[in-house]
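What follows is a short report on a single structure.
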Amino acid sequence: MSHNTVAAPHDQSFVYSRAARELGLRRSQFDLAVNLGRVRTMPDEGGGGRRVARSEIERLRAAPGFPGALTKSVEAVGTTEGASAMQVPPSRFTRLARLGLVVPVTFYLNRYRAVVWLYLAEELRQFAADKDNAPLLTGRTPEGMRDQLAAGLDLRPRNWRGRHLGFLLRHAEGPWQRAGALAALLDPVQVAEIARDPYERSHLNRFRPGPPAHGTPGSPAARLVERIATADDPDEIAWLRSDLVHALEEARSHQPAPRPTVRSAPPRPVTEPARPAKTQRVRSGLLGWLRRGND
């Protein structure tokens with residue numbers, strides 16, 4: 001009798017919550033590690049979402065510096081900690097972020113529904129260590145940048161959307177998923193103008209991820225997050241629309257959107273129409289008259 005057994009797929013992989021515990025990460029850190037590609041995931045064959053293979057957990061645990069190195073690579077900080085990491089005042093850090101020189105990796109809403117942007121501490125340290133950036137960290141902000149800030153420039157939402165799109169595309173497993181990722185950043189009206197066919201639009205929406213969950217659907221917090229996650233800059237919208245057009249062309253050629261099957265009704269039997277009763281009485285009377293005439 002053989003003792004070799006084939007383990008069930010779930011015996012060789014973990015759900016996200018279990019994988020986070022195995023790696024010593026908080027759930028928010030783990031989700032960020034997945035989005036950044038630090039942790040590789042796999043689809044659940046049972047259709048229950050994505051999972052992490054046991055071999056991936058073992059690979060990460062065997063890496064040099066585990067768990068500190070992994071935790072450090074997904075450390076996300078706000079304005080105060082970010083400014084400290086770059087050794088600049090918080091006000092200067094905010095100006096650099098609004099100018100798009102440092103890019104948020106995620107955000108959350110505080111209890112006052114104010115947006116709190118978070119940045120990768122590792123990226124901030126690299127930015128500060130680059131000698132080419134030294135003039136931006138000390139001294140007076142260049143005049144052109146000051147004019148942009150005075151005009152209200154704030155690239156944090158747009159830069160976050162660009163990064164978020166990269167996360168969505170990393171998880172996309174096919175052409176329709178890639179098209180859905182692009183559609184996720186566009187207003188539904190914009191999507192409807194591109195995907196005019198209702199069946200195609202319905203199929204596309206199946207793969208269109210929603211905005212990050214913040215509050216119950218329809219709540220003020222959820223509406224605010226939806227606005228942040230929707231492109232509002234004309235150049236950004238034009239770029240997304242153009243990419244969505246090409247992505248839909250690729251998706252159509254790969255697999256057209258399903259449509260309802262039109263079933264033809266079976267042919268109805270042909271029957272001789274019934275003669276009206278009046279016609280039958282007329283014929284009977286005529287035949288009777290002819291018979292009397294021959295008697």
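Only a predicted model underlies this, so the values are computations on that prediction, with no experimental measurement involved. Starting from 1, each residue takes its place in the sequence as its number.
Listed by chain and number, the residues in a side chain to side chain contact (heavy atoms under 4.5 Å, CB included) with Arg26 are Ser28, Gln29 (sequence neighbours excluded). Remark: Asp31 pairs with Arg27 by the side-chain hydrogen bond (donor to acceptor under 3.5 Å, both in side chains) rule, at least two apart or across chains. Residues satisfying the side chain to side chain contact (heavy atoms under 4.5 Å, CB included) criterion with Leu101, sequence neighbours excluded, are Leu96, Leu99, Phe127, Leu136, Met145. For Arg18, the side-chain hydrogen bond (donor to acceptor under 3.5 Å, both in side chains) partners are Glu22, not counting sequence neighbours.
One finds the CZ atom of Arg170 at 14.0 Å from the CD atom of Glu173 (value rounded to the nearest 0.5 Å). Here the straight-line distance linking atom CZ of Arg98 with atom CZ of Arg156 works out to 6.5 Å at 0.5 Å rounding.
The hydrophobic cluster containing Ile237 also includes Leu165, Leu169, Trp176, Leu182, Leu185, Leu186, Val191, Ile194, Leu204, Phe207, Trp239, Leu240, Leu244, Val245, Leu248, under a criterion of side-chain heavy atoms closer than 4.5 Å among ILVMFWY residues, counted directly or through chains of members.
Listed by first then second residue, pairs satisfying ring-ring contact (aromatic ring centres under 6.0 Å, His included) with a partner in residues 80-116 read Phe93-Tyr119, Phe107-Trp117, Phe107-Trp160, Phe107-His214, not counting sequence neighbours.
Between Asp232 and Arg161 a salt bridge is recorded (basic side-chain N to carboxylate O distance below 4.0 Å). We find that Lys72 and Glu75 are not joined by a salt bridge, their nearest charged nitrogen and carboxylate oxygen being 4.0 Å or further apart. We find that Arg125 and Glu81 are not joined by a salt bridge, their nearest charged nitrogen and carboxylate oxygen being 4.0 Å or further apart. Ion pair Glu200/Arg252 flagged as a salt bridge, since at least one NZ, NE, NH1 or NH2 atom sits closer than 4.0 Å to an Asp/Glu carboxylate oxygen.
Counting only heavy atoms from C-beta outward, the side chains of Glu193 and Arg241 approach each other to under 4.5 Å. For the pair Val105 and Arg163, the minimum side-chain heavy-atom distance is below 4.5 Å.
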